[in-house]
Amino acid sequence: MSLLGFVLKSMYPEEGTRSLLGVFEEDAAAISKYSQQLFQAMHRIYDAQNELSAATHLTSKLLKGYEKQRFPLCCDDEVMSSTLQQFAKVIDELSSCHAVLSTQLADAMMFPITQFKERDLKEILTLKEVFQIASDDHDMAINRYSRLSKRRDNEKVKGEVMEDVYTSRKKQHQTMMHYFTALNTLQYKKKMSLLEPLLGYMQAQISFFKLGSENLTQQWEDFLTDIGTSVQNVRREMAGEVDVMQQTIQDMEQANDLLYMPDPDPSLVPVNRNLTRKAGYLNTRNKTGLVSSSWERQYFFTQGGNLMSQARGDVAGGLVMDIDNCSVMAVDCEDRRFCFQITSFDGKKVAILQAESRKDCEEWIATINNISKRIYLSENPEEIAARVNQSALEAVTPSPSFQQRHESLRPRRPLAARASSVSSAGSETASPALSVLSLDALVAPNTPIQFDIISPVSEEDAGQAKAAGLGRRTNPFGESGGTPAEESSILHQLFFARFLGCMEVQNADSSDVIYETMRQILAARAIHNIFRMTESHLLVTCECLKLIDPQTQVTRLRFPLSSVVLCAAHQENKRLFGFVLQTAEGRVDGRPIIVCYIFESNNDGEKICDSVGLAKQIAFHSEMDRKATEKKKEQDRAKEKQQEELSKQKQIEKDLEEQSRLIAAFSRPTPLAAGTDGQFLVLSNSQSEDSDAGVEGREKGESEA
């Protein structure tokens, strides 16, 4: 196992590498402890000639106990254990007859183990101290660099700090690689430090007994020869590994020289926006008071849909927040650069972090944005993220026809009846062929895009609001109370939605207008790095659609349901949906204004469109019932009026009959009045006229009566 291989891809050690480094350091401490015991045992052989047998027995005992040692790194325990067991056996057999051979033992046995103890193990301790000092210097330089002001009047200080960061980082990296190389080499030296002294000891014993001792046979000589060959092979293998590591160190120093800079040039080191996992050091902002805050440097990494952090010295990381469906955006802090903010799904948790460079900041934002879309759940997340980003970049490139531009976003099945039911209930909609539509027929060129919610205010709306507000109390908090019709609506459905943007379109004939608007808004957000989205509650009623602030419950926007002519959800990304709003007036030339609004929801967008369609149907049936009721009332009023006319006509006919009867009664002949003398009195013409006038006057009075 090679420690250097774990850090070849990293400029400075990560927390995982530090944990592995701890294992190697623990192994080095175990080797040092065991080597010290072996050294003391062999030193007793060298110093105490009279106790040679006891010291040899102790050595044999220690060799037998090797298999009970728990070295964290042991790749060939069985081979080493079996070899040492054979050595312990022969040493135990020779322990009763060994004599002191001071010179040979000093040259063949004590020198290798002493050299390993005094040179190799001390070298590990020295490199460890140097590496710790270099790490502390690097941390101090990073802290000075993080505290740099954004003002440009201290360029000299900035240059000194950046040079300090470059020097300390390079020094830490070089020291780290040499330290890790020494730890890797120690695994080979451990074998040699155990085998070479034993081999020298046995050779001294063979020389002492003149190769004719009864305890030594040809079989043992062959075994020792094999051990010597194995030691040479291990030495050659170690030399080859050292050469490879030295060459790797040289190649890395030449290739990674640019990465030592804290803020490299983006043109030389491009930003990778296709990441779905990322790890590295960030400064996190912690509030220490009402207006004061402090920054702490921690190691952050993503794990699935979670953002984790791990402080130095911790065994494992802790959860910072769930970044599924979260929002992330770059923010401008007063005292720091390269900062970005992460807001959780419900808006209750906010984290402000600082990266080391602009490149690192943009990669963190892109990675968290990819994770919030749950791309990591797919089989090939980086490939899908690359395809999404490539589609966003190609989206702003003009294409010859609308069909080519929509090749990736066009739905694969026909539009559902929802779009037609939402556009106008009870009416038939005919969608023209997409092949004959052009881009200008849907969205006008150079149409501006609105990425934030701004409540539209017009004189007509103000007049209507003023007329509707007569006799009602004004809410001092800016909340607009619903009308009685809205409060009594039979449909109230609330959805969580994030506003992506809106733009004016040319027509609302088909749902392709919504797909084209989605494509342009998402492409503009990806190109301009706009990740902030306004979160709202979408309330669907039979009267209108409302966007309500989830914190203050203030109505941000209100769309009359009669103005919503089209609503559709994206066929591939189910969380995207939009609707088209059309106003009858608003332009100087009298043409209607058609605006398409695009949202992202946590729920299925088709459910929201179904809810809007249901509200349209309920509103349509309510309107039909209202019209039927009004028509019935008009018919009743017409019948009443007709009855009144008939009554008047009958009264007139009755009056005419009465008048005719009176006229007939007065038109009868009158008998002549007799005089006192028995003669008839003949009236003069004037008296007859007066008499006729009196009769007519009476008849007229009776008629008027």
Validation row, ring centre Phe180 to ring centre Phe24 under 6.0 Å: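 Ring centroids of Phe180 and Phe24 are no less than 6.0 Å from each other.
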
Aromatic ring proximity Phe451/Phe499, centre distance under 6.0 Å: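 When the ring centroids of Phe451 and Phe499 are compared, they turn out to be at least 6.0 Å apart.
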
[X]/[Y] ion pair, N-O < 4.0 Å:
X: Glu356; Y: Arg169; result: yes
X: Glu123; Y: Arg119; result: no
X: Glu606; Y: Lys574; result: yes
X: Glu382; Y: Arg277; result: no

Is it true that a side-chain atom of [X] and a backbone atom of [Y] form a donor plus acceptor pair closer than 3.5 Å?
X: Arg525; Y: Leu500; result: yes
X: Asp322; Y: Asp324; result: yes
X: Thr552; Y: Asp549; result: no
X: Ser293; Y: Lys287; result: no
X: Gln354; Y: Arg337; result: yes
X: Ser378; Y: Ile375; result: yes
X: Glu363; Y: Asn272; result: yes
X: Ser32; Y: Ala28; result: no

Check: [X]/[Y] side-chain N/O donor and acceptor closer than 3.5 Å:
X: Ser536; Y: Arg556; result: yes
X: Arg387; Y: Asn274; result: no
X: Asp251; Y: Gln247; result: yes
X: Asp27; Y: Gln187; result: yes

NZ (Lys117) with more than 12 external heavy atoms under 6.0 Å: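 Yes - once you tally the heavy atoms of other residues, nucleotides and ligands closer than 6.0 Å, there are more than 12.
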
Heavy atoms of other groups near Lys171 NZ, more than 12 under 6.0 Å: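 No, the 6.0 Å shell around NZ holds no more than 12 heavy atoms from other groups.
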
Within-4.5 Å side-chain heavy-atom neighbours: Trp295 and Thr284: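 No; the side chains remain at least 4.5 Å from each other.
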
Derivation of the side-chain hydrogen bond (donor to acceptor under 3.5 Å, both in side chains) call for Arg336 and Ser146: CA-CA 7 Å; Arg336 297 294 177 114; Ser146 300; 4.5 Å; no

From [atom1] ([X]) to [atom2] ([Y]), nearest 0.5 Å:
X: His570; Y: Arg519; atom1: NE2; atom2: CZ; answer: 10.5 Å
X: Met176; Y: Leu127; atom1: CE; atom2: CG; answer: 13.0 Å
X: Leu121; Y: Thr126; atom1: CG; atom2: OG1; answer: 10.5 Å
X: Lys158; Y: Leu148; atom1: NZ; atom2: CG; answer: 7.5 Å
X: Leu38; Y: Tyr66; atom1: CG; atom2: OH; answer: 11.5 Å
X: Phe495; Y: Leu538; atom1: CZ; atom2: CG; answer: 7.5 Å

Parallel, tilted or perpendicular, as decided by the 30° and 60° cut-offs, for the rings of Tyr597 and Phe579: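 Aromatic pair Phe579/Tyr597 classed parallel.
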
Full working for side-chain hydrogen bond (donor to acceptor under 3.5 Å, both in side chains) between Ser611 and Gln493: CA-CA 8 Å; Ser611 178; Gln493 289 189 348; 2.3 Å; yes

Looking at every heavy atom in both [X] and [Y], which two are closest together, and how far apart are they?
X: Ala141; Y: Val161; answer: O-CG1, 4.4 Å
X: Asn370; Y: Arg273; answer: ND2-O, 3.1 Å
X: Leu275; Y: Lys278; answer: CD1-CD, 4.4 Å
X: Leu307; Y: Ile342; answer: CD2-CD1, 3.8 Å
X: Ile365; Y: Met329; answer: CD1-C, 4.3 Å
X: Gln310; Y: Gly317; answer: CB-CA, 3.9 Å

Which residues share a side-chain hydrogen bond (donor to acceptor under 3.5 Å, both in side chains) with Asp139, sequence neighbours left out: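 If we apply the side-chain hydrogen bond (donor to acceptor under 3.5 Å, both in side chains) test to Asp139, skipping adjacent residues, the hits are Arg312.
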
Positive for side-chain hydrogen bond (donor to acceptor under 3.5 Å, both in side chains) with Tyr179, one of Lys128, Gln174, Glu129, Glu25: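 Result for side-chain hydrogen bond (donor to acceptor under 3.5 Å, both in side chains) with Tyr179: Glu25.
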
Ring-face cation of Arg358 near Phe338 (centre distance under 6.0 Å, axis angle within 45°):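 Pair Arg358/Phe338 does not count as cation-pi.
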
